[in-house]
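Here is the structure we will look at.
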Amino acid sequence: QAQLVESGGGLVQAGGSQRLACADPGRAFTTFTMGWFRQTPGKERDFVASISGNDGRAYYADSVKGRFTISRDNTENTVYLQMNSLKPEDTAVYYCAAGAGYKFISSSRYYARSSYDYWGKGTQVTVSS
């Protein structure tokens, strides 16, 4: 459906920072879990981070813990991904995703692509060395 719109991608040097944003129009944003995934050619779309709608609890892939922070602004229907200390390995197309809150009945659901119903078209993040 590509109903979500990502922004903020671009080229950044290793060690730098970048902030991605995802706007979610036309839905009950506060009830949705929002997630970020990333994908490189020939690889699966991997989980990066997610944040629940009910309590704002955040989940992170081990590879980004301590460097990335996910947050949401429910008044603006927007989720953010603040990326610090970027590495060349972070280079990927980053996708925003939204999943109906009722589906997240266990912690594992936050990490699974199948939990998410709507996806953006992606934004390229390139980290140069």
Side-chain angles (χ1 to χ4, degrees):
Q1 294 180 341
Q3 300 177 36
L4 309 179
V5 180
E6 304 97 337
S7 62
L11 177 65
V12 62
Q13 288 187 317
S17 298
Q18 195 93 321
R19 189 174 79 155
L20 306 182
C22 173
D24 181 10
R27 285 184 289 276
F29 181 80
T30 58
T31 69
F32 275 70
T33 293
M34 303 299 297
W36 289 96
F37 290 73
R38 64 188 183 186
Q39 187 171 24
T40 56
K43 302 292 185 180
E44 294 184 345
R45 188 171 297 186
D46 293 327
F47 171 81
V48 176
S50 65
I51 185 166
S52 66
N54 57 350
D55 59 5
R57 182 170 297 181
Y59 302 81
Y60 297 96
D62 288 342
S63 59
V64 306
K65 285 182 179 178
R67 299 190 297 122
F68 291 11
T69 302
I70 188 170
S71 61
R72 65 192 296 159
D73 185 343
N74 289 338
T75 67
E76 297 185 355
N77 282 23
T78 303
V79 63
Y80 301 93
L81 185 69
Q82 178 66 47
M83 304 183 292
N84 298 327
S85 301
L86 283 163
K87 305 174 181 179
E89 305 92 270
D90 296 316
T91 295
V93 176
Y94 283 71
Y95 296 89
C96 179
Y102 77 89
K103 300 173 67 177
F104 295 84
I105 59 176
S106 64
S107 296
S108 62
R109 294 293 190 95
Y110 290 90
Y111 301 86
R113 293 189 300 274
S114 61
S115 299
Y116 299 86
D117 305 299
Y118 309 104
W119 296 82
K121 292 184 177 181
T123 184
Q124 177 71 45
V125 174
T126 302
V127 184
S128 64
S129 59

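Computation of the quantities below employed the complete heavy-atom set of this structure, encompassing side-chain atoms and omitting hydrogens, waters and symmetry-equivalent molecules.
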If the threshold is 4.0 Å, N to carboxylate O, is there a salt bridge linking D90 and K87?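 No.
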Closest heavy-atom contact between [X] and [Y]?
| X | Y | value |
| --- | --- | --- |
| A98 | F32 | CB-CD2, 3.8 Å |
| T126 | Q124 | OG1-NE2, 3.3 Å |
| Y111 | Y59 | OH-CD2, 3.7 Å |
| K103 | S114 | NZ-O, 3.2 Å |
| S50 | T33 | CB-CG2, 4.4 Å |
| F29 | V79 | CZ-N, 4.1 Å |

Do the side chains of C22 and W36 get nearer than 4.5 Å, heavy atoms only? yes
Could you tell me the separation between the [atom1] atom of [X] and the [atom2] atom of [Y], rounded to the nearest 0.5 Å?
| X | Y | atom1 | atom2 | result |
| --- | --- | --- | --- | --- |
| I51 | S71 | CD1 | OG | 6.5 Å |
| I105 | S115 | CD1 | OG | 9.0 Å |
| T40 | D46 | OG1 | CG | 7.5 Å |

Looking only at atom types and distance, does a side-chain atom of [X] sit under 3.5 Å from a main-chain N or O of [Y], one as donor and one as acceptor?
| X | Y | value |
| --- | --- | --- |
| Y116 | Y110 | yes |
| D117 | A100 | yes |
| T91 | V127 | yes |
| T123 | G8 | no |
| T78 | E76 | yes |
| S52 | R57 | yes |
| N77 | D24 | yes |

Just do the side-chain contact (heavy atoms from CB on, under 4.5 Å) check on M34 and C96 with the steps written out, would you? CA-CA 7 Å; M34 303 299 297; C96 179; 3.8 Å; yes
Distance to the ring centre below 6.0 angstrom and angle to the axis at most 45 degrees; does that hold for R67 and Y60?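 Not satisfied by the 6.0 Å and 45° rule.
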R45 NZ/CZ over Y95 ring centroid, <6.0 Å and within 45° of normal: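 Positive - R45 is close enough to the ring of Y95 and near enough to its axis.
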May I ask whether Y118 and Y80 are part of the same hydrophobic cluster, defined by side-chain heavy atoms of I, L, V, M, F, W, Y residues being less than 4.5 angstrom apart, directly or through others? no
Side chains of N84 and S17 only: does a donor on one sit below 3.5 Å from an acceptor on the other?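 There is such a pair (donor and acceptor under 3.5 Å, judged by atom type) between the side chains of N84 and S17.
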Please lay out, stage by stage, how V125 and M83 fare under the test side-chain contact (heavy atoms from CB on, under 4.5 Å). CA-CA 10 Å; V125 174; M83 304 183 292; 4.0 Å; yes
Between F37 and W119, does the ring centroid distance fall short of 6.0 Å?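 Ring centroids of F37 and W119 are less than 6.0 Å from each other.
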Can you tell which of R38, Q18, Q39, E6 makes a side chain to side chain donor-acceptor pair (under 3.5 Å) with Y94?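 The side chain to side chain donor-acceptor pair (under 3.5 Å) with Y94 is passed solely by R38 among R38, Q18, Q39, E6.
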